[in-house]
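See below for the structure under consideration.
Computed from a prediction, not measured in an experiment: that's the story for all the values here. In what follows, chains carry the letters A, B, and so on, assigned in the order in which the sequence lines appear, proteins first and then strands, with residues in each chain numbered from 1.
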Protein chains: 2
Amino acid sequence: MVSLDDVAKLAQVSPATVSRALSRPEMVAEATRERILQAARELGYQPNQLARSLRRRSSRTLGLIITDILNPFHATLAKGVQDAAEKHNYTVFLFNTDEDPEKEQRALNALRGHLPQGLLIVPTPKAKENLKLVPKLPTVELDRSSGTPGVRTVMVDNVGGARTAVQHLIELGHRRIGMIVGRLDISTAVERHLGYRETLATAGIPYSEKLVLPGNHREEDGRKAALALLTLPPEERPTALFVGNNEMTVGAVLAVRELGIRIPQELSIVGFDDSRWAATMHPALTVVAQPTYELGFLACETLLSSLSRGQPALPTSIRLDVSFIVRESTAPPDGFTNGLKQQRRKP
Amino acid sequence: MVSLDDVAKLAQVSPATVSRALSRPEMVAEATRERILQAARELGYQPNQLARSLRRRSSRTLGLIITDILNPFHATLAKGVQDAAEKHNYTVFLFNTDEDPEKEQRALNALRGHLPQGLLIVPTPKAKENLKLVPKLPTVELDRSSGTPGVRTVMVDNVGGARTAVQHLIELGHRRIGMIVGRLDISTAVERHLGYRETLATAGIPYSEKLVLPGNHREEDGRKAALALLTLPPEERPTALFVGNNEMTVGAVLAVRELGIRIPQELSIVGFDDSRWAATMHPALTVVAQPTYELGFLACETLLSSLSRGQPALPTSIRLDVSFIVRESTAPPDGFTNGLKQQRRKP
DNA sequence: GTGAAAGCGCTAACAA
DNA sequence: TTGTTAGCGCTTTCAC
């Protein structure tokens with residue numbers, strides 16, 4: 001590996017000058033600087049970030065911890081973070097926790113040793129505890145909040161998104177609206193659930209525990225919950241389903257197909273989080289769409305700008321708006337026609 | 001940050017002994033070791049990897065460069081790599097090139113400074129050139145090969161997969177089989193194309209350039225290519241389509257829908273690479289499925305095992321088998337009935 | 001504007 | 001078995 005000393009020798013200056021020429025060019029005479037840069041180019045010199053970081057006590061690296069890289073939502077988040085980091089010349093360490101608090105803990109410990117400048121994390125339910133491992137590390141939580149004091153969050157308007165979705169179903173004439181909610185120790189699930197309850201309450205529809213089933217955010221959980229809800233006796237069976245995340249929505253749709261129930265004629269479905277899958281399935285899914293890429297990008301920008309400003313940023317909480325995309329999976333319930341929406345049919 | 005010296009003081013030994021107790025425990029007396037470990041635990045000591053790596057000239061980090069994290073295929077690859085790396089206590093730097101050789105170059109340069117022990121890369125077409133930036137770095141290429149000498153590769157049997165797919169279509173009675181091939185400067189595309197040609201030749205079907213359109217691996221390219229192929233005059237129009245990657249398959253299916261062509265009655269489609277989307281779209285897609293996760297995992301294992309063995313591994317090339325999943329998107333061509341396959345219909 | 005020298009936190013000879 | 005010492009490659013005082 002060619003080192004700074006090699007460059008110094010070739011350029012006939014001291015190592016200190018080379019360092020300056022590279023890091024604070026204005027402190028070096030133009031001629032010398034040119035000579036040094038030329039030498040560096042010639043040798044293909046690349047600073048050893050390990051040495052630099054060790055000395056500077058600051059590393060231009062970030063940690064990114066997500067819970068499920070196979071979920072396109074998280075992959076998109078990662079891309080947003082990655083792009084923002086690269087824009088500012090930061091390098092990112094990637095960790096994937098599979099929603100497992102222990103993996104999160106290990107990730108945090110591994111990360112710690114690399115002295116990253118900041119952390120972007122989609123917290124598991126134990127994050128509040130785990131984050132104590134990195135007490136001084138500037139942190140931004142994405143998508144959900146662990147409730148850790150002093151930590152910034154960038155999230156979407158989950159309550160509003162849920163409200164819009166449920167309101168839409170109510171306006172179509174639905175009264176028995178089921179919800180497949182996520183784990184209630186994760187803030188997104190809590191908030192989406194809250195939006196659901198509030199909207200029902202506003203419309204004067206009583207909340208029924210029977211119609212709300214929790215799931216662990218996985219496809220299979222969505223499937224099971226949907227199966228349970230849709231095999232209730234006809235007079236209790238929901239006529240519409242609001243599903244709390246993308247993976248569970250997939251499961252729910254599969255369950256509906258297994259049961260031979262027609263969407264939207266016999267059941268309306270709204271999912272949370274858009275995806276290609278949602279847009280191209282048949283019938284295309286009505287969803288609450290999140291600005292996922294922006295979420296990641298903005299979270300990273302927020303973190304980096306607070307770093308460059310030096311002072312510890314205020315523990316702000318950013319909320320991004322969601323949008324509601326009406327496609328083909330929602331319609332008035334059976335025997336209820338108000339002409340609001342006609343389902344289309346492919347040729 | 002608590003350092004090794006702090007632990008040394010608390011345990012009343014020299015820093016060197018602490019270092020040994022942590023890195024080569026067998027070189028330290030049991031009692032001392034216990035005392036040191038206890039002290040380390042007490043202080044929540046975490047070794048500074050920067051200092052350690054600088055000194056050791058070796059870092060327990062890996063670089064992972066993929067071309068499109070938004071593509072589930074690549075996300076799955078990343079998870080495989082990640083899991084294998086974590087298993088061996090390696091940390092990974094993630095880069096995403098968007099198939100852009102310049103981004104690849106920047107990624108490689110950034111990586112270089114962090115002195116990773118190895119590199120896992122899905123190479124862009126310019127990788128052969130770019131990899132010269134890291135001449136000594138043990139490298140494994142995933143999914144495709146850049147043709148760089150001395151670099152190991154882990155790929156799937158693209159030729160075989162393509163053969164199976166095309167053979168399947170031929171057996172169904174198709175004679176005009178179109179292919180949407182990827183960029184021919186990417187090895188996977190070349191190989192899948194080769195399998196296609198060979199199989200046609202074996203079956204005595206003449207190769208027609210008109211039926212083979214290139215695409216840039218993106219959804220939109222698949223859409224355009226399909227549009228072009230399917231608007232050929234009826235007697236030239238392919239009755240079946242073999243699409244070279246997952247993203248382009250999505251585009252092709254969308255194009256088919258736009259044109260109001262029915263799958264599989266009027267057109268059979270086979271895609272390369274399975275996905276949830278392929279399995280749940282209607283009609284479900286017949287595909288060549290790849291062991292994607294295993295590809296990533298194995299590539300990383302291969303790399304790490306060569307690292308631990310010390311000697312520079314032989315530039316081996318590993319091929320994984322693909323499997324062929326027949327679902328609902330393939331059937332005999334119009335007016336050709338051989339009873340091999342009946343299309344199902346959802347209720 | 002430039003150089004000499006010290007030191008970031010750790011490990012690896014070498015000595016004891 | 002343990003301690004002393006030097007130094008990984010870089011940056012940053014402090015002199016000049």
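- Side-chain proximity of A/L54 to the nucleotides C/dC8, C/dC10, D/dT11 is greatest for C/dC8.
- Atom pair B/D5:CG and D/dT4:P shows a separation of 12 Å (rounding to whole Å applied).
- Residue A/A16 places its side chain closer to D/dT12 than to any other of D/dT12, D/dC10, C/dT11.
- In this structure, B/S14 reaches the D/dG3 phosphate: one of its side-chain N or O atoms is under 4.0 Å from OP1 or OP2.
- The CD-C1' distance, from B/E30 to D/dT1, rounds to 14 Å in whole Å.
- For CD of B/E102, the number of neighbouring non-hydrogen atoms (other residues, nucleotides, ligands) closer than 6.0 Å is 12 at most.
- Summarising the local packing, NZ of A/K126 is surrounded by 12 or fewer heavy atoms from other residues, nucleotides or ligands at distances under 6.0 Å.
- Distance CE (B/M1) to C1' (C/dG9): 9 Å, rounded to an integer number of Å.
- Of the inter-residue distances, the one linking B/D100 atom CG with B/D68 atom CG reads 12.0 Å to the nearest 0.5 angstrom.
- The distance from atom CD1 of B/I36 to atom C1' of D/dG3 is 12 Å, rounded to the nearest whole Å.
- A/T139 contributes no side-chain N or O that, together with a main-chain N or O of A/V151, makes up a donor-acceptor pair within less than 3.5 Å.
- Rounded to whole Å, the distance from CG on A/L4 to C1' on D/dC10 is 7 Å.
- When heavy atoms are screened at a 4.0 angstrom cut-off, A/S19 is found touching base atoms of the nucleic acid.
- For the OP1/OP2 pair of D/dT2 and a distance below 4.0 Å, the side-chain nitrogens and oxygens of B/T32 include at least one atom meeting the criterion.
- Distance check, rounded to the nearest 0.5 Å: OG1 of B/T316 to CZ of B/R319 gives 12.5 Å.
- The side chain of B/R56 approaches C/dA12 more closely than any other nucleotide in the set D/dT11, C/dA12, D/dG9.
- Note on B/M27: a base of the nucleic acid sits closer than 4.0 angstrom, heavy atoms only.
- Checked against C/dC10, C/dG1, D/dT1, the side chain of B/A29 finds its nearest nucleotide in D/dT1.
- The separation between A/R20 atom CZ and D/dA15 atom C1' is 11 Å, rounded to whole Å.
- Under 4.0 angstrom from either OP1 or OP2 of D/dT11 there lies at least one side-chain N or O belonging to A/R52.
- Among the protein residues, B/S53 comes within range of no part of the nucleic acid, since none of its heavy atoms lies under 4.0 Å from any strand.
- Comparing B/R57 and B/Q12 along DNA chain D, the residue whose closest nucleotide (by nearest heavy atom) sits nearer the 5' end is B/Q12.
- Side-chain proximity of B/R55 to D/dG9, D/dT12, D/dA6: nearest is D/dA6.
- Note: NZ (A/K9) to C1' (C/dG3) measures 15 Å, nearest angstrom.
- Taking atom CZ on B/R24 and atom C1' on C/dA12, their separation rounds to 8 Å, with Å as the unit.
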